[in-house]
Amino acid sequence: AAKQAGRGNVREYDSSFDSSIKHRIRMEREMQLALERNEFFLEYQPIMCTRDRKLTGYEALVRWQHPELGRVPPDQFIGIAEECGLITQLGEWVARRACLDAMEWGNALSVSVNVSPIQFATSDLPEIMSRILYETGLEAKRLSIEITENIFLQGSQNIEILRKLRALGIGIVMDDFGTGYSSLSYLQDFQFDKVKIDRSFIWGMLEKTHSAAIVNAILSLGHDLGIDIVAEGIETAEQLAYLEKRSCSLVQGYFIGRPCKTIAEAPRTEAMQVAVAAA
Ligand code: C2E
Ligand code: MG
Ligand code: MG
Ligand code: MG
């Protein structure tokens, strides 16, 4: 019986392994096709300054509309794109598209793009970004890249790359702060323009004293280090009020505005109406 159960387990394990490999291989092929068939597009989510309630810019978020699979969320394809190396090509496409779109927005608004650690390892990012800026005509100061703490796991070469990007005038934003595996020591070695508090802390902060303590600690760290703090994932007026009271300078989330295909099409949320009235 033990032997049978053992065999059963093995068979069960094998089949799920097999199907996940198949899934991956299919997704890799589909993504390659998707790049050729233009199935990827960007949505833009607004970022608002709390001090004057004006929009400062938008974060570009990649979307994939597959003819049969429908809308595939980034959490289901970015990881696979990273593993098979397609993220290099996809990431370059995202940056170019975002810069082209930002050229249509007028001079006051900036755009930020998410960049994978794999892109740091597989491509000459400073070279690629400076070429994109040159080709699109976007001013470097209107572009930011968002990276996660995991970028510091690879040693010091990535800090050198960040310095080169910064020297071009591109803003460097730490995303999902507090959820990675790095130590805080990188904050000594590199001056970030902005740090984004991960949305999991924002969602907890009104109910859990621990989440609130973490949010407040990040805000005071940002204040002392001279780094702007962005709170992401704001879904309610109460969350916004809490953060405004604590001088969190920048906010982003469904309550401010959902990601939209073009910035003109974005529906006016309550928070945005205030922003627009203030403008
Ligand atoms: P992220 O960079 O932290 O982006 C924020 C995510 O939170 C987005 O999910 C956004 O739609 C979602 N979000 C924003 N405000 C709210 C809110 O108030 N409530 C809720 N429930 N969600 C909110 P999305 O678009 O699904 O992207 C997920 C992640 O995929 C991103 O997290 C980023 O890590 C990655 N990603 C997206 N686009 C790109 C890209 O072009 N390149 C790379 N390398 N990664 C990307
Ligand atoms: Mg981001
Ligand atoms: Mg984030
Ligand atoms: Mg993320």
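Just the heavy atoms: all of them, side chains too, but no hydrogens, waters or symmetry mates, feed the values below. Each ligand, and each atom within it, is numbered from 1 in the order the structure gives.
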Residue part near ligand 1, for [X], under 4.0 Å between non-hydrogen atoms:
X	value
Glu232	side chain
Val113	neither
Trp93	neither
Ile78	side chain
Ile234	backbone
Asp176	side chain

**Asked** Is there a heavy atom of Arg63 sitting under 4.0 angstrom from any atom of ligand 1?
**Response** yes
Looking only at non-hydrogen atoms, which of [options] approaches [atom] most closely?
atom	options	result
atom 41 (O) of ligand 1	Ile256, Val62, Ile202	Val62
atom 15 (N) of ligand 1	Glu43, Gln76, Gln252, Gln45	Gln45
atom 20 (C) of ligand 1	Arg199, Glu59, Glu235	Glu235

**Prompt:** Of all N/O/S atoms in Asp176, which lies nearest to the Mg ion (ligand 3)?
**Reply:**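 For Asp176, the N/O/S atom sitting closest to the Mg ion (ligand 3) is OD1.
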**Message:** Would a single hydrophobic cluster contain both Phe40 and Met27, if residues Ile, Leu, Val, Met, Phe, Trp and Tyr are joined by side-chain heavy-atom contacts under 4.5 Å?
**Reply:**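 Yes, same cluster.
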**Prompt:** Quick check: does Glu146 put an N/O/S atom under 2.8 Å from the Mg ion (ligand 3)?
**Reply:** no
**Request:** Could you tell me whether any N, O or S atom belonging to Asp198 is less than 2.8 Å from the Mg ion (ligand 3)?
**Result:**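 For Asp198, the answer is no, given that no N, O or S atom comes within less than 2.8 Å of the Mg ion (ligand 3).
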**Asked** Does a side-chain N-to-carboxylate-O contact under 4.0 Å join Arg131 and Glu127?
**Response** yes
**Request:** Check the pair Glu59 / Lys194 against salt bridge (charged side-chain N to carboxylate O under 4.0 Å, His left out), numbers first and verdict last.
**Result:** CA-CA 13 Å; Glu59 176 176 6; Lys194 297 184 178 89; over 6 Å; no
